[in-house]
Engineer: 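Handing you this structure, nothing more for now.
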Amino acid sequence: MIVQLTGTLVELTASHVVLDVGGVGYELGVSAVTAGSLPEVGTPGVTLLARLIVREDSMTLFGFSTREERSLFDRLCAISGVGPKLALSVLSTFTPTQLAGVVAAEDAGMMATVPGVGKKLASRLLLELESVFAKDPTLLSLATAASLPARGGIVATAPAAGSGVEDDVMAALLAMGFTGEEATLALDGHEDAGATTTKSALEYALKRLGRRS
């Protein structure tokens, strides 16, 4: 089982990276949050936690910047109807701490802002993840870190619900640590460039911010 890789970052997008480890290139699927935390292409000594998903017809690697994110990926993939692609979609929309806040607030509307998650699935994810945050030792401290109020309260760390592509991308960029001004400038002109979906607009913004080759 491959659980960690360290090497030179040779390719970086909002959805995958390639690490050169001893002359061997490993492609890993990543969340937009992890992608935003990585240094420039060409940087040596980059370490990613990893998870290998083995299926009958494929073996796919996924990379994570934190143990909390990898643990959430594992837990999400264990939920019926949730595969690696949807798990990464959740983790691209919320940081682990923000997701803990959404779950604690039982905010189905916020959960439904994840691409690919409808209202019905959003409610089920909240129910499934409630026990995960309560019992998983890797995730248990997130509620405290987020300063969450009692069940049903308002969670300040969760991003505001967006009404369109720009709002979704802004929320993702803010979660990565960029300022509001940086995010606004990075998104400028995305429609003229044909980046009209959340994924393409995020990739456009990250490219302008110098996060990919």
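We number each residue from 1, following the sequence as shown.
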Engineer: Looking at side-chain heavy atoms only, is the closest gap between Leu76 and Leu129 below 4.5 Å?
Structural biologist: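 Touching, per the 4.5 Å side-chain cut-off.
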
Engineer: Going from CG on Leu12 to CD on Glu203, what distance comes out if it is rounded to the nearest 0.5 angstrom?
Structural biologist: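 Those atoms lie 10.0 Å apart.
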
Engineer: Please evaluate residues Met111 and Leu99 with respect to the criterion side-chain contact (heavy atoms from CB on, under 4.5 Å), reporting the C-alpha separation (whole Å), side-chain torsions for both, the decisive distance (0.1 Å), and the verdict.
Structural biologist: CA-CA 8 Å; Met111 184 65 78; Leu99 185 57; 3.6 Å; yes

Engineer: Considering residues at least two apart in sequence or located in another chain, which fulfil the side chain to side chain contact (heavy atoms under 4.5 Å, CB included) criterion with Glu128?
Structural biologist: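 Side chain to side chain contact (heavy atoms under 4.5 Å, CB included) check on Glu128 returns Ile79, Arg124.
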
Engineer: Which pair of non-hydrogen atoms, one from Val33 and one from Ser92, has the smallest distance, and what is that distance?
Structural biologist: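 Scanning both residues completely, I find the closest heavy atoms to be CG2-O, 4.0 Å.
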
Engineer: Shortest non-hydrogen contact from Ala122 to Ala112?
Structural biologist: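 Minimum heavy-atom separation between Ala122 and Ala112: CB-N, 3.9 Å.
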
Engineer: Can you check whether Pro39 reaches Val46 side chain to side chain, under 4.5 Å on heavy atoms?
Structural biologist: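 In short, these two side chains touch, coming nearer than 4.5 Å.
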
Engineer: Can you confirm whether Leu126 sits close enough to Val102 that some side-chain heavy atom of one is under 4.5 Å from a side-chain heavy atom of the other?
Structural biologist: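 In contact.
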
Engineer: Could you state the interatomic distance from CD (Glu166) to NE2 (His190), rounded to the nearest 0.5 Å?
Structural biologist: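 With rounding to 0.5 Å, CD (Glu166) is 3.5 Å from NE2 (His190).
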
Engineer: I'd like to check Val90 versus Val82 (side-chain heavy atoms, cut-off strictly below 4.5 Å). Are they in contact?
Structural biologist: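 Side chain of Val90 against side chain of Val82, heavy atoms only: no contact under 4.5 Å found.
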
Engineer: CG/Leu91 to CG/Leu86 distance, rounded to the nearest 0.5 angstrom?
Structural biologist: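 The CG atom of Leu86 is 9.5 Å from CG of Leu91, to the nearest 0.5 Å.
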
Engineer: Using the rule that Ile, Leu, Val, Met, Phe, Trp and Tyr join whenever any side-chain heavy atoms are under 4.5 Å apart, tell me whether Ile53 and Leu88 fall into a single cluster.
Structural biologist: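 Yes, same cluster.
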
Engineer: Considering residues at least two apart in sequence or located in another chain, which fulfil the side-chain hydrogen bond (donor to acceptor under 3.5 Å, both in side chains) criterion with Thr8?
Structural biologist: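 None.
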
Engineer: Which value, rounded to the nearest 0.5 Å, describes the distance between Leu49 atom CG and Ser71 atom OG?
Structural biologist: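 Separation between the atoms: 11.0 Å.
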
Engineer: Quick one: does any side-chain atom of Thr93 pair with a main-chain N or O of Ser89 as donor and acceptor, under 3.5 Å?
Structural biologist: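 Here the side-chain-to-backbone pair exists.
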
Engineer: At what distance, to the nearest 0.5 angstrom, does OG1 of Thr47 lie from CG of Leu38?
Structural biologist: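 Spacing of OG1 (Thr47) from CG (Leu38) equals 10.5 Å.
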
Engineer: Report the residues that fulfil side-chain hydrogen bond (donor to acceptor under 3.5 Å, both in side chains) with Ser131, sequence neighbours left out, ordered by chain and then residue number.
Structural biologist: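 Per chain and number, Ser131 pairs via side-chain hydrogen bond (donor to acceptor under 3.5 Å, both in side chains) with no residue.
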
Engineer: Have a look at Leu9 and tell me which of Leu19, Val18, Leu48 forms a side-chain contact (heavy atoms from CB on, under 4.5 Å) with it.
Structural biologist: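 Single side-chain contact (heavy atoms from CB on, under 4.5 Å) partner of Leu9 among Leu19, Val18, Leu48: Leu19.
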
Engineer: Which pairs, with at least one residue in residues 24-53 and sequence neighbours excluded, count as a ring pair (Phe, Tyr, Trp, His ring centres under 6.0 Å)?
Structural biologist: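 Passing the test, one end in residues 24-53: no pairs.
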
Engineer: Could you give the distance from CZ (Arg70) to CD (Gln4), rounded to the nearest 0.5 Å?
Structural biologist: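 Rounded to the nearest 0.5 Å, the CZ-CD separation comes to 8.0 Å.
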
Engineer: If hydrophobic clusters are built from ILVMFWY residues whose side chains come within less than 4.5 Å, do Leu206 and Leu185 share one?
Structural biologist: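 In one cluster: no.
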
Engineer: Enumerate donor-acceptor pairs with a distance under 3.5 Å from any side-chain N or O in residues 58-68 to protein atoms, sequence neighbours excluded.
Structural biologist:
from  : atom 1 : to    : atom 2 : distance (Å)
Ser65 : OG     : Thr34 : OG1    : 3.3
Thr66 : OG1    : Glu69 : N      : 3.1

Engineer: Please list, chain by chain and in numerical order, all residues satisfying side chain to side chain contact (heavy atoms under 4.5 Å, CB included) with Thr196, sequence neighbours excluded.
Structural biologist: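 Side chain to side chain contact (heavy atoms under 4.5 Å, CB included) list for Thr196, sorted by chain: empty.
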
Engineer: Going hydrophobic residue to hydrophobic residue with side-chain gaps under 4.5 angstrom, can you get from Leu28 over to Leu52?
Structural biologist: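 Leu28 and Leu52: one cluster.
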
Engineer: Out of curiosity, does Val30 fall in the hydrophobic cluster containing Val21 (side-chain heavy atoms, cut-off under 4.5 Å, transitive links)?
Structural biologist: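 Shared cluster, yes.
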
Engineer: Show the nearest heavy-atom pair for residues Phe73 and Ala87, with the distance to one decimal.
Structural biologist: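 Taking Phe73 first and Ala87 second, the nearest heavy atoms are CD1-CB, 3.8 Å.
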
Engineer: Testing the basics here: between Gly189 and Tyr204, what is the closest heavy-atom pair and its distance to 0.1 Å?
Structural biologist: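 So the two residues come closest at C-OH, 3.4 Å.
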
